[in-house]
Engineer: 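Before we start, here is the structure in question, set down as structure tokens.
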Amino acid sequence: QVQLVESGGGLVQAGGSLRLSCAASGRTFSSYAMGWFRQAPGKEREFVAAISRSGGNTDYADSVKGRFTISRDNAKNTVYLQMNSLKPEDTAVYLCAAAGIISPTPAMYPYWGQGTQVTVSS
């Protein structure tokens, strides 16, 4: 079992930056691949980025490649999402999740945080 708590969301103007954090507690953090997903009102949950247990492999949705960077610090039990050049269409609740292997598929992640709101104004 692992518990996940996101932070760092907020309101930002288009072109701005935010860094999201997801702190994990419970079983060994380094045992899990981690993912970031987002969900806008009335839309399906969407993959954003994922990182392997060691941090050596990453994966990104095409819509965020070159703008977002996922990273992790296993000593701090934390995964990060650095978001640059934000666009209004990035507005959503951002959720972190833990899984046994890196994957873009939400169903592969048994553990989820509550999410943090990101709003990008035009």
Engineer: Test your reading of the model: is there a side-chain donor-acceptor pair from Y80 to the backbone of T69, 3.5 Å cut-off?
Structural biologist: no

Engineer: So which atom in R72 and which in S54 form the shortest heavy-atom distance, rounded to 0.1 Å?
Structural biologist: CD-C, 4.5 Å

Engineer: Give the C-alpha distance, both sets of side-chain angles, the deciding distance and a yes or no for salt bridge (charged side-chain N to carboxylate O under 4.0 Å, His left out) between D90 and K87.
Structural biologist: CA-CA 5 Å; D90 294 318; K87 305 175 181 179; over 6 Å; no

Engineer: Side chains of Q82 and R19: donor-acceptor distance under 3.5 Å anywhere?
Structural biologist: no

Engineer: State whether Y32 and R53 meet the cation-pi test: NZ (Lys) or CZ (Arg) under 6.0 Å from the six-membered ring centroid, and within 45° of the perpendicular axis.
Structural biologist: no

Engineer: With distance as the sole test, does E6 use its side chain to make a donor-acceptor pair with the main-chain N or O of C96 at under 3.5 Å?
Structural biologist: yes

Engineer: Same hydrophobic cluster for L81 and L18, using side-chain heavy-atom links shorter than 4.5 Å among ILVMFWY?
Structural biologist: yes

Engineer: For the pair S103 (side chain) and T105 (backbone), establish whether a donor and an acceptor sit closer than 3.5 Å, ignoring hydrogens and angles.
Structural biologist: yes

Engineer: If I compare all heavy atoms of A99 with all of P110, which pair ends up nearest, and what's the gap?
Structural biologist: CA-CD, 4.0 Å

Engineer: Any sub-3.5 Å donor-acceptor pair from T119's side-chain atoms to L11's backbone N or O?
Structural biologist: no

Engineer: Hydrophobic clusters here meaning ILVMFWY residues chained together by side-chain heavy-atom distances under 4.5 Å, can you tell me if Y111 and V48 are in one?
Structural biologist: yes

Engineer: Indicate if L95 and M108 have the same hydrophobic cluster label, given that clusters are the connected sets of ILVMFWY residues with side-chain heavy-atom separations under 4.5 angstrom.
Structural biologist: yes

Engineer: So, for Y109 and G35, which heavy atoms are closest and what is the spacing to 0.1 Å?
Structural biologist: CE2-N, 3.6 Å

Engineer: Compare every heavy atom of P106 with every heavy atom of F37, then report the nearest pair and how far apart it is.
Structural biologist: CE2-CG, 3.6 Å

Engineer: Give a yes or no on whether V64 and V12 share a hydrophobic cluster (residues Ile, Leu, Val, Met, Phe, Trp, Tyr; joining criterion: side-chain heavy atoms under 4.5 Å apart).
Structural biologist: yes

Engineer: Between W36 and F68, is the gap from one ring center to the other below 6.0 Å?
Structural biologist: no

